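Heads up, the thing below is written out as structure tokens.
Here the structure is a predicted model, which means the values were calculated and not measured.
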Amino acid sequence: MPAAVDLALELTESIAAYMTVKFHQKVRGLDSPVPIPSDWDTHILYECHLALDILHQAYNNRKVTSWRAEDYVAELTERSTVTDIEGNILLWYLPRALTAERTVQMWDDMNLLDKSLRISKGSTSWRIKPTFFRAHPGWLKPGNASMSPAWFQQAHEKSNKLEVSVELAKNHSLAWLRKQVRGSALVAVF
């Protein structure tokens, strides 16, 4: 597992670094060459540029409110940023920032987590309380999965070493994680 995690982090960092430089160039109207990592294929480069173009469109399509962020209620119909009266960005609305192919793939891959999702009928915990989940035909199975590099051991650093959570260590969770490397790296930059 460490190799897969290292690969995911390396890809996330390289996408974030590349897209940060390119986005700042776009905002400033510059277009200097930025080295493309040698392990990228043309598809990941295309997806980065698609996301950059959409982020730039949204950045330039600001919706400024006459009210403060605490009062925010709005319906958005196009790519944009919403700011409060003081210029603080409240949100970026970025429909189709990922390719349709990537979106479908990420959605379909969620089925790999079906075995991990759970709801506890008698729980009062907000994470697994039944009233916080809805099920409808065609939807993914409702529930919560606790997948973390140190979920159980977080409060016990002195007495126990940090370990991967039980759910994250399962084969189906690792399969899902491997399939999410590129999509997660792209989304992490947003």
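Side-chain contact check for T81 versus L90: every heavy-atom pair is 4.5 Å or farther apart. A 4.5 Å side-chain heavy-atom check between Q105 and Q180 finds at least one atom pair inside the cut-off.
Legend: residues meeting salt bridge (charged side-chain N to carboxylate O under 4.0 Å, His left out) with K63, ordered by chain and number and at least two apart, are E78. D53 meets the salt bridge (charged side-chain N to carboxylate O under 4.0 Å, His left out) test with K26; sequence neighbours excluded. With sequence neighbours left out, the salt bridge (charged side-chain N to carboxylate O under 4.0 Å, His left out) criterion links D108 to no other residue. Contacts of H56 classified as ring pair (Phe, Tyr, Trp, His ring centres under 6.0 Å), with partners at least two apart in sequence or in another chain: none. In terms of the salt bridge (charged side-chain N to carboxylate O under 4.0 Å, His left out) criterion, R79 has no residue partners (sequence neighbours excluded).
Closest approach of L45 and I36 over heavy atoms only: CD2-CD1, 3.6 Å. Taking all atoms of both residues into account, the shortest heavy-atom contact from S80 to N61 is CB-O, 3.1 Å. Nearest heavy atom pair, residue I119 against residue P142, reads CD1-O, 3.8 Å.
Pairs passing the ring-ring contact (aromatic ring centres under 6.0 Å, His included) check and including a residue from residues 83-113, sequence neighbours excluded, do not occur.
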*Going through the checks in order, is the side-chain contact (heavy atoms from CB on, under 4.5 Å) test met by M19 and K22?*
CA-CA 5 Å; M19 289 182 68; K22 292 302 281 185; 5.7 Å; no
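Separation of atoms CG (L113) and NZ (K141) is listed at 10.5 Å; rounding is to 0.5 Å.
Under the 30°/60° scheme for interplanar angles, the aromatic rings of H43 and Y46 are found to be tilted.
With 3.5 Å as the limit, one finds a donor-acceptor pair spanning the side chains of S116 and E167.
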